[in-house]
2 protein chains.
Amino acid sequence: MHSQNLINIITDALPSLNKSESKVAQVILSDPDAATRSSIATLAKKAGVSEPSVNRFCKRFDAAGFPDFKLKLAKSLVSGIRFVNRNVDPNDDVDGYTPKIFDSTINNLALVRDKISHSRVNQVVDKLIQAKRIYFFGLGASGSVARDAENKFFRFNLPVSCHDDVLMQRMLASTGTTGDVFFIISHTGRTKEVVEVAEIARANGSTVIGLTAPKSPLADISSVTLDVEVPENTDEYMPMTSRIVHLVILDVLATGVTLRRGPEFLPHLEKIKNSLKPTRYSKDN
Amino acid sequence: MHSQNLINIITDALPSLNKSESKVAQVILSDPDAATRSSIATLAKKAGVSEPSVNRFCKRFDAAGFPDFKLKLAKSLVSGIRFVNRNVDPNDDVDGYTPKIFDSTINNLALVRDKISHSRVNQVVDKLIQAKRIYFFGLGASGSVARDAENKFFRFNLPVSCHDDVLMQRMLASTGTTGDVFFIISHTGRTKEVVEVAEIARANGSTVIGLTAPKSPLADISSVTLDVEVPENTDEYMPMTSRIVHLVILDVLATGVTLRRGPEFLPHLEKIKNSLKPTRYSKDN
DNA sequence: CAGTTAATGAAAGATTCTTACAAATTGGGC
DNA sequence: GCCCAATTTGTAAGAATCTTTCATTAACTG
């Protein structure tokens with residue numbers, strides 16, 4: 001549905017462009033927003049090329065013509081990566097890095113939104129609904145994701161727990177049986193301990209759901225895998241976004257479970273919500 | 001920076017439109033995406049009105065003309081609230097709720113990105129840099145956010161800890177002194193226990209940073225507040241997005257601290273990263 | 001360096017959009 | 001119910017914008 005960001009596509013294609021095409025690209029990349037507002041004549045003049053060159057440029061990037069190109073460009077400018085270089089620069093100040101980090105997170109979410117397999121989501125919801133018990137496992141940064149999952153899923157009146165201790169994980173995995181679901185969260189999917197825990201769990205007939213990188217050892221051994229492909233952060237300054245993506249996916253799963261439970265389950269959720277009221281200062285003071 | 005969604009604006013204006021204008025509105029709202037791709041003639045025909053009527057319609061909604069209108073409409077369709085009703089519907093299936101949850105998260109992030117005070121972020125980075133000790137406090141869902149923060153900030157070689165136990169929080173707050181930073185995370189900012197802990201900490205001369213809702217009791221008592229205004233989720237099916245926003249803000253802060261530390265700090269981060277290598281299966285097998 | 005291929009732009013043509021103006025409709029006021 | 005003013009709507013011409021064709025120029029190859 002969503003393709004990659006047009007601006008990135010143009011940037012990537014830059015080296016393979018010929019003279020006039022690259023002139024056009026330069027002008028567009030230097031101020032994409034202005035480009036969406038100008039006519040083909042204006043843009044051609046600014047780039048020092050003819051109108052047909054601009055038109056050809058547009059067609060090269062899978063647009064029907066110039067107007068269509070402007071439309072696609074405009075779409076690329078919203079919310080996604082909004083500028084050519086969105087990496088945090090060592091010289092950035094607050095005004096620099098703050099929006100960049102938001103943008104890169106947003107961008108990754110949009111990517112996963114368009115790539116995630118809905119049928120897999122459905123499968124996982126199935127497993128969670130049928131589970132006798134659910135364990136959320138994670139280490140390091142994924143530990144807090146697991147914890148958040150626990151905090152979300154206990155609401156479904158199911159025996160849920162979360163563990164970020166390798167030994168606990170091992171022991172629980174080894175005592176698991178059919179009907180137990182081990183939901184294992186791992187950014188890389190290559191941490192040995194985690195993979196071993198998954199192996200143990202499966203050997204005992206439990207269901208293992210992996211929220212992890214595609215084609216990783218953990219993905220291979222899981223009963224169902226929710227692949228999340230988030231680009232590795234080679235940039236030292238950029239935070240790891242996969243945690244955030246994992247959390248949103250867990251939100252999706254929780255919503256899926258709620259919907260399956262049907263409307264007669266809502267009062268239960270309401271009760272939990274209300275239980276917290278006495279702990280709060282009321283809003284009108 | 002971000003204006004309100006065009007589709008919502010049109011929907012709201014619907015009752016005040018005259019006959020042909022509302023015909024145009026109907027056609028656009030029924031399939032906004034198609035509208036961005038069609039010519040004024042096509043659209044006019046579909047709506048059963050003349051071309052100038054469509055043109056007038058566009059101008060009524062602050063567009064220079066039809067092409068400009070299409071551009072603005074296209075922007076409205078991306079990433080943000082992409083449709084009239086983006087709430088999860090009890091009858092939604094996976095294909096329905098999955099993108100909706102991503103979209104609503106993305107939308108909230110974009111909102112906060114455009115609203116967050118950069119000078120506040122800078123102030124908080126200052127405090128964190130100067131801190132002798134940092135405590136991250138949170139309860140419930142904010143507990144796992146605090147935990148994530150700990151996992152991020154220990155890398156700075158500072159005494160950092162996180163606590164989700166009210167009694168621990170109280171005790172630590174009461175023993176805090178000048179130079180200690182209590183970073184308190186709370187969605188509502190109205191949980192009594194949390195506010196009291198903040199009061200105790202301040203009374204002892206510690207710095208309290210509140211990552212919470214604006215104008216809340218916690219915000220009032222904090223030394224510095226990072227306001228996060230995320231719409232209350234009245235919808236039973238929609239997850240709480242503030243956690244995610246909080247995490248991204250903590251990412252921003254961590255980046256701010258890293259940058260302040262300067263490039264000579266990078267080897268330290270690298271060391272931590274490398275320490276995990278032996279725990280992983282290598283990538284080429 | 002000739003011959004071929006690719007790249008580019010001029011100009012005409014097609015399409016799309018906008019404007020001016022006239023016709024039609026609507027809504028009071030008598 | 002009828003007239004007049006105000007508003008709404010459409011026709012048609014005109015303007016702007018975009019696309020195509022084709023000739024020219026540049027680049028590459030043996």
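Please read these numbers as outputs of a predicted model, since none were measured by experiment. Every chain is numbered from 1 and lettered A, B, ... according to where its sequence line falls, protein lines coming before strand lines. Because only heavy atoms are used, hydrogens play no part in the values below, and waters and symmetry mates are left out as well, while side chains stay in.
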Where do N or O atoms of nucleotides 25-27 of chain D meet protein N or O atoms at under 3.5 Å, pair by pair?
unit_1, atom_1, unit_2, atom_2, d
D/dA27, OP1, A/K19, NZ, 3.2

Just how far, in rounded Å, is C1' of D/dT9 from CD of B/E21? 11 Å
Strictly under 3.5 Å: I want the nitrogen or oxygen pairs between protein and nucleotides 16-20 of chain C, one per line.
unit_1, atom_1, unit_2, atom_2, d
C/dC17, OP2, B/I40, N, 2.5
C/dT18, OP1, B/F66, N, 3.4
C/dT18, OP2, B/N55, ND2, 2.2
C/dT18, OP2, B/F66, N, 3.0
C/dT18, O5', B/N55, ND2, 3.3
C/dT19, OP2, B/K59, NZ, 2.4

In whole Å, what is the span from the CG atom of B/L17 to the C1' atom of C/dT26? 17 Å
Return each pair, listed once, that meets ring pair (Phe, Tyr, Trp, His ring centres under 6.0 Å) where at least one residue sits in residues 31-54 of chain A; pairs must be two or more places apart or across chains. none
Under the side-chain contact (heavy atoms from CB on, under 4.5 Å) rule, collect the residues that match up with B/T36, sequence neighbours excluded. A/L71, B/D33, B/L73, B/A74, B/L77
Using the side-chain contact (heavy atoms from CB on, under 4.5 Å) criterion, which residues pair with A/A254? Sequence neighbours excluded. A/K152, A/F153, A/F156
Does A/S53 put a side-chain nitrogen or oxygen below 4.0 Å from OP1 or OP2 of C/dT8? no
Under the side-chain contact (heavy atoms from CB on, under 4.5 Å) test, which residues partner B/P52, sequence neighbours left out? B/S50, B/R56
Under a 4.0 Å N-O cut-off, is there an ion pair linking B/K46 with B/D31? no
side-chain hydrogen bond (donor to acceptor under 3.5 Å, both in side chains) involving B/S22 - partner list, sequence neighbours excluded: none
Presence of A/N18 side-chain N/O under 4.0 Å of C/dT8 phosphate oxygens OP1/OP2: yes
Quick one: which residue pairs count as a ring pair (Phe, Tyr, Trp, His ring centres under 6.0 Å) with a foot in residues 34-61 of chain B, not counting sequence neighbours? B/F57-B/F61, B/F57-B/F69
Could you work out, with side-chain hydrogen bond (donor to acceptor under 3.5 Å, both in side chains) as the rule, every residue matching A/S16, not counting sequence neighbours? none
Would you indicate, yes or no, if D/dT9 has its OP1 or OP2 atom less than 4.0 angstrom from a side-chain nitrogen or oxygen of B/S20? yes
